[in-house]
Amino acid sequence: MNPLTNIMNDRAEARKQGDSNADTCFLALADKDGQASVRTLVLREITDRHVVLFLNRTSPKWQLFQQGANYELLLWYTSMQRQYRIQGTMQPLDREIVKQTWQRRPQGSKYLDYLYQEMAPQSSEIESREQLANEIQRLKQSYKVDDMQAPADVGGIELIANRVEMLDLNREDRIHDRRVFSLQDGLWTVKYLVP
Ligand SMILES: Cc1cc2nc3c(=O)[nH]c(=O)nc-3n(C[C@H](O)[C@H](O)[C@H](O)COP(=O)(O)O)c2cc1C
């Protein structure tokens with residue numbers, strides 16, 4: 001009955017089938033004026049309770065979370081023909097986990113995180129790509145990758161699901177299966193929706 005268990009199983013199957021969406025997700029946020037924004041993110045972990053994402057706290061999406069923006073996380077497993085839409089609450093990820101996981105990031109991502117800290121926030125405007133390349137070059141000369149530590153603004157979040165909607169297109173009778181799962185007092189309940 002826990003829809004997150006279904007997602008974990010579908011994701012494992014999607015990975016086996018080489019589904020290019022198996023490791024990503026799409027995070028939509030609305031600001032206080034109702035302006036929507038959506039972006040692709042790597043889905044770091046999913047458990048029977050939450051989804052873990054990594055982001056930089058200089059970014060607009062983090063600012064939106066700070067303002068209490070509502071979110072919806074969308075998963076689409078092409079190989080399974082199944083879509084999930086997840087809503088709920090969020091909380092920052094434990095700092096120690098962020099620091100340890102950061103060490104496994106690719107070199108380029110590490111230098112970018114240093115750049116957000118030392119030059120300009122993520123998603124801010126820059127003069128040119130050349131300026132960006134020069135700054136990365138400067139960082140590479142200043143810091144050996146093996147000595148680098150997670151900067152203060154590297155962050156992670158746990159999205160704690162309390163509503164999950166599933167749409168399954170993969171039905172023999174061709175009638176799509178759409179269900180909404182809601183968590184109340186620790187119990188998931190299901191209702192059926194018109195697809
Ligand atoms: C496949 C893919 C994976 C991505 N993964 C992440 C990620 O894990 N974390 C992240 O901050 N941005 C990731 N991005 C970049 C975001 O989509 C986005 O451009 C960036 O985070 C800035 O978002 P914002 O301006 O809305 O804060 C990814 C983009 C793609 C295409």
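Starting from 1, each residue takes its place in the sequence as its number. In listed order, ligands and their atoms are each counted from 1. Values reported hereafter were calculated over all heavy atoms of this structure, with side chains retained and with hydrogens, waters and symmetry mates removed.
When only non-hydrogen protein atoms are considered, atom 19 (O) of ligand 1 lies nearest to Arg39 CB, 4.8 Å. Looking from atom 25 (O) of ligand 1 to the surrounding protein, the closest heavy atom is Ser123 OG, 2.6 Å. The protein heavy-atom contact nearest to atom 23 (O) of ligand 1 is Lys61 NZ, 3.3 Å. Closest to atom 20 (C) of ligand 1, if we only count protein heavy atoms, is Gln122 NE2, 3.4 Å.
Of the options Leu64, Asn21, Thr40, Leu41, the smallest heavy-atom separation from atom 10 (C) of ligand 1 is shown by Leu41. Scanning Thr24, Val42, Leu29 for the heavy atom closest to atom 8 (O) of ligand 1 points to Val42.
Every atom of ligand 1 with a heavy atom of Phe54 under 4.0 Å away is listed here by number and element: 7 (C), 8 (O), 9 (N), 10 (C), 11 (O). Listed by number with element, the atoms of ligand 1 under 4.0 Å from a non-hydrogen atom of Ser59 are 27 (O).
Looking at heavy atoms from C-beta onward, Asp113 lies in side-chain contact with Asn56 at the 4.5 angstrom threshold.
With Ser79 as the partner, the side-chain hydrogen bond (donor to acceptor under 3.5 Å, both in side chains) test is satisfied by one option alone out of Asp19, Asp10, Asn170: Asp19. Residue Trp62 forms a side-chain contact (heavy atoms from CB on, under 4.5 Å) with just one option from Arg57, Gln67, Gln122, and that option is Arg57. Residue Cys25 forms a side-chain contact (heavy atoms from CB on, under 4.5 Å) with just one option from Val51, Thr40, Leu53, and that option is Leu53.
Looking at Pro60 against ligand 1, both its backbone and its side chain come within 4.0 Å, counting heavy atoms. Heavy atoms of Trp62 found under 4.0 angstrom from ligand 1: none, in either backbone or side chain.
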Walk me through whether Trp188 and Thr5 qualify under side-chain contact (heavy atoms from CB on, under 4.5 Å).
CA-CA 12 Å; Trp188 285 99; Thr5 310; over 6 Å; no

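A pairwise comparison of heavy atoms in Glu127 and Gln131 identifies N-OE1, 2.9 Å as the closest pair.
Within the hydrophobic cluster formed by Ile, Leu, Val, Met, Phe, Trp and Tyr side chains joined at under 4.5 Å, directly or through other members, Leu112 is accompanied by Val52, Phe54, Leu93, Ile97, Val98, Trp102, Tyr111, Tyr114, Leu115, Tyr116, Met119, Ile126, Leu132, Ile136, Leu139, Tyr143, Val145, Met148, Val154.
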